[in-house]
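See below for the structure under consideration.
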2 protein chains.
Amino acid sequence: MKQTYSITELSREFDATPRTLRFYEDQGLLNPGRRGMTRVYSDRDRTRLKLALRGRRLGLTVEECKEIIDMYDPSRPRNARQLLRLCEKIREHRATLLEKFRDIEATLNAMDEVERRCLEELLAAPA
Amino acid sequence: MKQTYSITELSREFDATPRTLRFYEDQGLLNPGRRGMTRVYSDRDRTRLKLALRGRRLGLTVEECKEIIDMYDPSRPRNARQLLRLCEKIREHRATLLEKFRDIEATLNAMDEVERRCLEELLAAPA
DNA sequence: GTAAAAGTTGACGTGCACGTCAACTATAGA
DNA sequence: TCTATAGTTGACGTGCACGTCAACTTTTAC
């Protein structure tokens, strides 16, 4: 686990572009330090980027990713009220994820069915 | 299972807007018949809409949804070559779905961890 | 020291998935 | 028959997530 990363280093590791990292910084998702003018990304930035890209793959907006990542950030101190609210949010978030889970399940099942019919047809009418 | 649906009927059932259904028609995803000027949606349209919205929730583009839905359409006759190609596409598609699956799994695990810490903190420092 | 490579800040462009009028038409119920 | 209700076709607008220059500065390698 390295300590710092350049912009191209990080963007290559996660198959993103520098533009995307700068955009995420504009949106407040990343907070790289500077050495002169050059951005220096920390392991925290790396983790947040990784989580953000994961969220994007699942169809979340960048804003939603930020909210969730901020909320889950372990370095954030919280009082009891905030902790309860976080638990509530986790329940909500879990529910939407489970919905996506079911969507994927349904799609996989449909695909299995199509594949089955496909193989049947191939056996029935070979080339 | 009804035979036909009006545009508002279908859009309400799936929590979409009429605009969305017309847009999907423009994109070639839906093919409603007409009674006069009025669109009449069939069960086939209903199924395709359902699949499309499911795909959208998973982050696919409308174009991708259309391609997949068209490919899987059971009413399409196919020769052996096309059947083999379909099997190939199914494998690919399954792979990307499994990736999303893992993304969700990873996120759920992260959430469990956060929740655990959250409950711990609540016990340690009650209001 | 100098050339190449990497980085920077604007600023405008783009593709997607609709939203949102406007202006009009068709249809069903009182 | 009149009127509300639902539907139609444009056409333009919008929010998001970057892509794509341009013009410039910095850093690294030799």
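In the text below, chain A, chain B and the rest are named by the order of the sequence lines, each starting its count at 1.
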Take the protein atom [atom1] of [X] and the nucleotide atom [atom2] of [N], then report the distance between them rounded to whole Å.
X	N	atom1	atom2	answer
Glu25(B)	dG7(D)	CD	P	14 Å
Leu58(A)	dA17(D)	CG	P	14 Å
Phe23(A)	dA11(C)	CZ	C1'	15 Å
Arg19(A)	dG7(C)	CZ	P	16 Å
Leu30(A)	dC18(D)	CG	C1'	14 Å
Tyr41(B)	dT8(D)	OH	C1'	11 Å
Lys66(B)	dC18(C)	NZ	P	16 Å
Leu10(B)	dG7(D)	CG	C1'	14 Å

Are Asp43(B) and Tyr5(B) close enough that a side-chain donor and a side-chain acceptor fall under 3.5 Å?
yes
Check whether the side chains of Thr20(A) and Thr17(A) place a donor and an acceptor atom closer than 3.5 Å, and report yes or no.
yes
Touch check for Arg22(B), heavy atoms < 4.0 angstrom, all strands: base, sugar-phosphate only, or nothing?
base
Winner on side-chain proximity to Thr17(B), out of dG19(C), dC16(C), dC16(D), is dG19(C)
Compare the minimum distances between each of dT28(D), dC18(D), dC18(C) and the side chain of Arg56(B), then state the nucleotide with the smallest one.
dC18(C)
Using the rule that Ile, Leu, Val, Met, Phe, Trp and Tyr join whenever any side-chain heavy atoms are under 4.5 Å apart, tell me whether Ile7(A) and Val62(A) fall into a single cluster.
yes
According to a strict under-4.0 Å criterion, is [X] in side-chain N/O contact with OP1 or OP2 of [N]?
X	N	answer
Tyr24(A)	dC18(D)	yes
Arg35(A)	dT28(D)	yes
Thr20(B)	dG19(C)	yes
Ser6(B)	dA6(D)	no

Select from Met37(B) and Thr38(A) the residue whose nearest nucleotide in DNA chain D is closer to the 5' end of that strand.
Met37(B)
Test side chain to side chain contact (heavy atoms under 4.5 Å, CB included) applied to Arg48(B) and Leu53(B), Ile69(B), Asn31(B), the passing residue:
Ile69(B)
Can we say Glu13(A) and Lys50(A) salt-bridge, meaning some charged N sits less than 4.0 Å from an Asp/Glu carboxylate O?
no
